[in-house]
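Single-structure report; data block below.
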Amino acid sequence: MALIENLNLWPPSNLQRNLALNSPPKLFNFKPSATHSIRKTLHTCRCSLVNEQQQQQASFTDQEKQLVDALIGIQGRGKSASPQQLNDVERAVQVLEGQDGEGDPTSSDLIEGRWQLMFTTRPGTASPIQRTFVGVDFFSVFQEVYLRTNDPRVSNIVKFSDWIGELKVEAAASIKDGKRILFQFDTAAFSFKFLPFKVPYPVPFRLLGDEAKGWLDTTYLSHSGNLRISRGNKGTTFVLQKRTDPRQKLLAAISTGTGVEEAIDEFISLSKSGAKDEPVLLEGEWQMIWSSQIETDSWLENAGNGLMGSQIVKNEQMKFLVNILPGIRFSMIGKFVKSGTKTYDVTMDDAALIGGPFGYPLEMETKINMELLYNDDKIRISKGYNNILFVHLRASDGSK
């Protein structure tokens, strides 16, 4: 973020690299007993969850929802975004910056508190800290703003996990005008759960001079206090939220590999409470990002059962598509028919290995009864082959 982007002089330590590179992999299997226990808990508090969803939905205006929708599916807080995704976010940001948000954000109590960083431009070209941490979805990144105290401060926090700890970079802050916060770094430290003391981050702020200083403009602050857009002194744009969309919570669980099935159960129960119609299988290219079953040793079996790669849905046909090697891909085409209010019978029977203009046919057939649990224009949750639970993100709408 604006504070993090200013730390240019010190490369990440081996400790930082290990935290980034050795983060736990995504989890695909959960013990039924644990899931059953969680489901009981979720059932007892469903009413409170429904109320929370209604509050969340009411907390975003239509223009704000367009920005939230544009953020869904972007990985690395912008690091891995496609040109189309970046354009969609920038358009939504510009619309909000032209709206009447809080007139003097720095004078508003709504700017106070902890904000979660959802998106940033230039995450791969900023400071070593930003390159190491901000682009890693496994980590959570927050900014704390407290201006109405005897010691006004703005802090950036990188939370590695509940069981590892966090890095906190702090700066003394002051208000220049209704939009701009001036800051100067003065301390940073790691707080690890397995150590009873803090580990100082090795940056001599006092020796940095002007390099330790910067500013942060808030170009949009929502009247609800749940969404903020800021621009830093190095030209970086930041999108931050106090309260996240239910889809963002689900994707965060998938990114960290923690409690995914529980997050899906909660999300589906929330979506059912506000759903007016049954979900419909939408056309487009859908990338699988999670399944409840670990892949088998046979990549051909995985590809043929839809356990990897993407699905293309168009004109009552479905295609499984898996890139195997550069220039070589697996393709399997079939048809689907609606068999119930939210179920589809899928028959995949036209498989081939494709390399350039050539194809080698494969004798394969897969029959799937797909149950659509949730579907919107960004995310799809379904049960497919062998009753496996899948989460797909829409890569394109298939119009091109």
Side-chain angles (χ1 to χ4, degrees), residues 1-8 12 16-17 19-21 23-24 26 60 64-94 96-97 114-145 154-161 164 166-169 216 218-220 226-232 234-258 263 287 289-290 378-379 393 395:
M1 301 195 289
L3 279 73
I4 288 179
E5 70 176 347
N6 280 45
L7 286 179
N8 292 327
Q16 289 170 273
R17 292 193 185 97
L19 286 170
L21 297 177
S23 57
K26 295 179 181 178
F60 295 108
E64 290 167 358
K65 287 178 181 177
Q66 289 179 5
L67 175 56
V68 172
D69 284 345
L71 296 176
I72 297 294
I74 293 182
Q75 297 181 330
R77 299 177 185 88
K79 183 177 181 179
S80 303
S82 68
Q84 182 60 51
Q85 288 174 320
L86 292 175
N87 288 337
D88 291 344
V89 172
E90 183 59 29
R91 255 195 323 269
V93 164
Q94 290 176 355
L96 287 176
E97 288 179 330
R114 172 174 280 208
W115 296 84
Q116 184 170 358
L117 179 67
M118 309 305 297
F119 174 87
T120 175
T121 56
R122 297 172 44 197
T125 58
S127 72
I129 292 181
Q130 197 168 354
R131 287 197 302 269
T132 304
F133 295 134
V134 173
V136 181
D137 283 327
F138 181 77
F139 303 149
S140 298
V141 182
F142 302 93
Q143 184 177 82
E144 290 182 344
V145 179
V154 178
S155 304
N156 288 331
I157 300 168
V158 180
K159 185 177 179 181
F160 305 121
S161 72
I164 295 178
E166 64 184 30
L167 167 65
K168 188 173 186 178
V169 183
L216 180 67
T218 295
T219 57
Y220 180 79
N226 287 328
L227 180 66
R228 173 162 65 96
I229 301 170
S230 293
R231 296 185 184 266
K234 293 197 172 183
T236 309
T237 301
F238 308 97
V239 178
L240 307 100
Q241 294 175 222
K242 278 186 181 175
R243 181 174 289 170
T244 55
D245 180 274
R247 293 172 298 176
Q248 292 173 315
K249 288 186 177 181
L250 172 59
L251 295 178
I254 292 174
S255 295
T256 60
T258 305
Q287 180 67 43
I289 60 170
W290 183 87
K378 287 285 186 177
I379 190 170
L393 278 179

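These numbers come from a predicted model, not from an experiment.
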Flag the pair Lys65 and Asp245 as a salt bridge only when some basic side-chain nitrogen lies within less than 4.0 angstrom of an acidic carboxylate oxygen. no
Minimal heavy-atom distance between Leu71 and Phe119, with the atoms involved, is CD2-CB, 3.5 Å
Val93 side chain reached by Val239 side chain, heavy atoms, under 4.5 Å: yes
Would the distance check show the side chain of Asp137 and the main-chain N or O of Gly76 forming a donor-acceptor pair, the cut-off being under 3.5 Å? yes
Heavy-atom pair with the smallest gap, counting every atom of Leu216 and Ser230: CD1-CB, 3.6 Å
Distance-minimising heavy-atom pair for Phe139 and Val158: CB-CG1, 4.1 Å
Pairwise distance OH(Tyr220) to CG(Leu240) - rounded to 0.5 angstrom: 14.0 Å
Test side-chain hydrogen bond (donor to acceptor under 3.5 Å, both in side chains) applied to Gln143 and Arg228, step by step: CA-CA 11 Å; Gln143 184 177 82; Arg228 173 162 65 96; 2.7 Å; yes
Please report the interatomic distance CG(Asp69) to CZ(Phe60), rounded to the nearest 0.5 Å. 10.5 Å
Would you indicate whether the side-chain heavy atoms of Ile379 and Leu250 approach each other to under 4.5 Å? yes
Give the minimum heavy-atom separation between Gly73 and Leu251, together with the two atoms involved. N-CD1, 3.8 Å
Nearest 0.5 Å, what's the CD1-CD1 distance between Ile254 and Ile289? 4.0 Å
For Lys168, give me all partners under salt bridge (charged side-chain N to carboxylate O under 4.0 Å, His left out), at least two apart in sequence or on another chain. Glu144
Could you check whether any side-chain heavy atom of Lys249 comes within less than 4.5 Å of a side-chain heavy atom of Pro246, counting everything from C-beta outward? no
To the nearest 0.5 Å, what is the distance between CD (Glu166) and CZ (Phe142)? 9.0 Å
With heavy-atom distances below 4.5 Å as the criterion, would you say the side chains of Gln116 and Val141 are in contact? no
With sequence neighbours left out, what residues match Asp88 under salt bridge (charged side-chain N to carboxylate O under 4.0 Å, His left out)? Arg91
Of the non-hydrogen atoms in Arg77 and Leu117, which two are nearest, and what is the gap between them? NE-O, 3.4 Å
What residue among Asn226, Val68, Leu67 forms side-chain contact (heavy atoms from CB on, under 4.5 Å) with Gln241? Val68
Distance col, row Phe238:CZ vs Trp115:CH2, nearest 0.5 angstrom, shows 14.5 Å
Sequence neighbours excluded, the answer for side-chain contact (heavy atoms from CB on, under 4.5 Å) partners of Glu90 is Gln94, Arg231
Between Thr121 and Thr237, which heavy-atom pair has the shortest distance, and what is it? OG1-N, 2.9 Å
